[in-house]
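A short worksheet on the structure shown next.
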Amino acid sequence: MNTQPWKFILQIEEATRLTKLLGNLPFKRVAEEIATRMTVLCCHRDQIEDSPYSRVVYCVKLDRDLFDQFFNSQSGYRAAYFCSPWEGLAANSMFSQLVLPKLISSTQSSTCGLSEEFIGESLMTPSAKVWLAEHGKEVKRDCATCQGEWSTSSAGDPNKPEIFNDRWEAVQNVKANWGAKAPYLTKLRISGAFLDERFSEFVPFDKRFRAMEIHKFGWS
C-alpha cells in the first residue's frame, strides 16, 4: 500500500505501539480482524430533517491495538487514502463488505426501525463510511454507547504531529493538524449512505470531497 515508511512520535504508549504501526499488515487482514472481533454497541436510524433521506449508523468497539492498526498505521484505513483518494474509496468499500454480515445479524439491527434490505443498501452505497467516534456527532444523544471518544479538547496539542509522512504534518490547517495525530481509542462509527425509499443516494455537500480531504490532510 504505502511504499514510503511513515515515522511516528507518539504521545501515548509509544514503545508498545510502534511495532504494529510500522508493520505492513495488509488492510484486508485488519478489516477481517475487525469484522471478527468487533462488538456491535448500537444501531440507529439517522434522518435528514424534512427530507426522505435516512441512513443506518452503528457504533462498534475494538481493542486499542486493533483500532490503532486500522486508523493510524501505515497500511491502515487513512493510509489507503494517503496513497490516493481512489485507493481510499476501495478500502472503504472493502471494509463495508467485510463488516456487513456481522452488523446486519446483530440484535441491535433489529431495533433500529430499518429493514435488513435498507441497511444493506445503505452500507454498500459508495458514500457509506467509517471513522472514529467523534463527540458531538452522536445520532442519539441519550444513547450511552453512542458517546464519542474523540474531541478537539481531548485529542492533545494539534500543533504536535504524531504521524510524519511528508504531507499531513507539513500542511498548516485545522484538518491537517488533526490528521497528523494518532488517536489511541476503541470506538468506530460506521455510517451508511443517506437513501430515500427507492434507494436513491444523497451526499451532503460537506462530504462530497471527503476522499480528497483525507488524502491531502488525513482528516475530513
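Just so it is clear, the values below take in all heavy atoms, side chains as well, and ignore hydrogens, waters and symmetry mates.
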Could you see if Leu21 belongs to whatever hydrophobic cluster contains Tyr184? Use Ile, Leu, Val, Met, Phe, Trp, Tyr and a side-chain cutoff under 4.5 Å.
no
So CD1 of Ile34 and CD of Gln69: to nearest 0.5 Å the spacing works out to 9.0 Å
On a heavy-atom basis, the closest approach of Ala182 and Glu162 is N-OE1, 2.9 Å
Residues at least two apart in sequence or cross-chain that pass side-chain contact (heavy atoms from CB on, under 4.5 Å) with Ser122, listed by chain then number, are Arg55, Val56, Phe118, Leu195
With distance as the sole test, does Lys181 use its side chain to make a donor-acceptor pair with the main-chain N or O of Asp157 at under 3.5 Å? yes
Tell me if a side-chain donor or acceptor on Arg78 pairs with a main-chain N or O of Ser73 at a distance below 3.5 Å. no
_Using the rule given for side chain to side chain contact (heavy atoms under 4.5 Å, CB included), can you reason through Trp219 versus Trp168, listing the C-alpha separation, both sets of side-chain angles and the distance that settles it, and then say yes or no?_
CA-CA 9 Å; Trp219 205 265; Trp168 299 344; over 6 Å; no
OG (Ser153) and NE2 (His135) are apart, to the nearest 0.5 Å, by 7.5 Å
Side-chain (Arg210) to main-chain (Ser220) donor-acceptor, under 3.5 angstrom = no
**Report entry** pair Ile119-Ser109: side-chain heavy atoms closer than 4.5 Å
**Finding:** yes
Can you hop from Ile163 to Leu10 via hydrophobic side chains spaced under 4.5 Å? yes
Here the pair of heavy atoms bringing Leu185 nearest to Trp150 is CD1-CB, 3.9 Å
Note to self: Using the rule that Ile, Leu, Val, Met, Phe, Trp and Tyr join whenever any side-chain heavy atoms are under 4.5 Å apart, tell me whether Leu114 and Val139 fall into a single cluster.
What the structure shows: no
Is there a donor-acceptor pair under 3.5 Å between the side chain of Glu201 and the backbone N or O of Thr125? no
Applying ring-ring contact (aromatic ring centres under 6.0 Å, His included) to Phe95 and not counting sequence neighbours gives Phe70
Residue pairs passing the salt bridge (Lys or Arg N to Asp or Glu O under 4.0 Å) test with at least one member in residues 115-124, sequence neighbours excluded, are none
The salt bridge (charged side-chain N to carboxylate O under 4.0 Å, His left out) partners of Lys28 (sequence neighbours excluded) come to none
Sequence neighbours excluded, the answer for ring-ring contact (aromatic ring centres under 6.0 Å, His included) partners of Tyr81 is Tyr77
Here the pair of heavy atoms bringing Arg64 nearest to Thr186 is CG-CG2, 3.5 Å
Any donor and acceptor pair, going by atom type alone, linking the side chain of Gln108 with main-chain N or O of Cys43 inside 3.5 Å? no
Indicate yes or no for a side-chain donor-acceptor contact from Lys129 to the backbone of Asn92 under 3.5 Å, with no hydrogens or angles considered. no
Rounded to the nearest 0.5 angstrom, the NZ-CG distance for Lys20 and Asn72 is 13.5 Å
If you draw a 6.0 Å radius around NZ in Lys61, do more than 12 non-hydrogen atoms from other residues or ligands fall strictly inside?
yes
Check for a donor-acceptor pair, side chain of Glu14 on one end and backbone N or O of Gln11 on the other, with a separation under 3.5 Å. no
Stepwise side chain to side chain contact (heavy atoms under 4.5 Å, CB included) check, Ser75 with Phe27:
CA-CA 6 Å; Ser75 60; Phe27 178 74; 5.8 Å; no
Between Leu41 and Lys187, is the side chain to side chain contact (heavy atoms under 4.5 Å, CB included) condition met? List the steps.
CA-CA 9 Å; Leu41 298 176; Lys187 286 184 181 181; 3.9 Å; yes
**Message:** Counting only heavy atoms not in Lys175 (residues, nucleotides, ligands), do more than 12 fall under 6.0 Å from its NZ?
**Reply:** yes
Starting from Ile104, can I reach Val57 by hopping between I/L/V/M/F/W/Y residues whose side chains sit under 4.5 Å apart? no
How about Ser127 and Lys207: do any of their side-chain heavy atoms sit closer than 4.5 Å? no
Sorted by chain and residue number, the salt bridge (charged side-chain N to carboxylate O under 4.0 Å, His left out) partners of Glu134 (sequence neighbours excluded) come out as Lys137
Discussion item. Would you say Met124 ends up clustered with Leu89 if hydrophobic residues are merged whenever their side chains have heavy atoms under 4.5 Å apart, either directly or through other cluster members?
Written reply: yes
Sorted by chain and number, sequence neighbours left out, side-chain contact (heavy atoms from CB on, under 4.5 Å) with Glu33 holds for Arg37, Leu66
Of all heavy-atom pairs linking Gly148 and Glu138, the shortest is N-OE2, 2.8 Å
Sorted by chain and number, sequence neighbours left out, ring-ring contact (aromatic ring centres under 6.0 Å, His included) with Phe71 holds for Phe67, Trp131
Tracing side-chain contacts under 4.5 Å among Ile, Leu, Val, Met, Phe, Trp and Tyr outward from Phe164 reaches Ile9
CG of Leu123 to OG of Ser93, rounded to nearest 0.5 Å, is 11.5 Å
message: Main chain of Ala176, side chain of Gln172: is a donor-acceptor contact present, judged purely on distance under 3.5 Å?
response: no
In terms of heavy-atom contacts, Phe8 and Leu18 come closest through CB-CD2, 3.7 Å
Counting only heavy atoms not in Phe209, do more than 12 fall under 6.0 Å of its CZ? no
Practice prompt. Would you check, one step at a time, whether the test side chain to side chain contact (heavy atoms under 4.5 Å, CB included) holds for Asp46 with Phe194?
Written response: CA-CA 8 Å; Asp46 186 19; Phe194 283 108; 3.7 Å; yes
Looking only at heavy atoms, the pair that brings Arg45 and Gly113 closest together is NH1-O, 3.9 Å
Sequence neighbours excluded, the answer for side-chain contact (heavy atoms from CB on, under 4.5 Å) partners of Asp196 is Pro52, Tyr53, Arg198, Ser200
Residues passing the salt bridge (charged side-chain N to carboxylate O under 4.0 Å, His left out) test with Arg17, sequence neighbours excluded, are Asp68
Hits for side-chain contact (heavy atoms from CB on, under 4.5 Å) against Cys42, two or more places apart or cross-chain, chain-then-number order -> His44, Cys59, Cys143, Thr145, Cys146
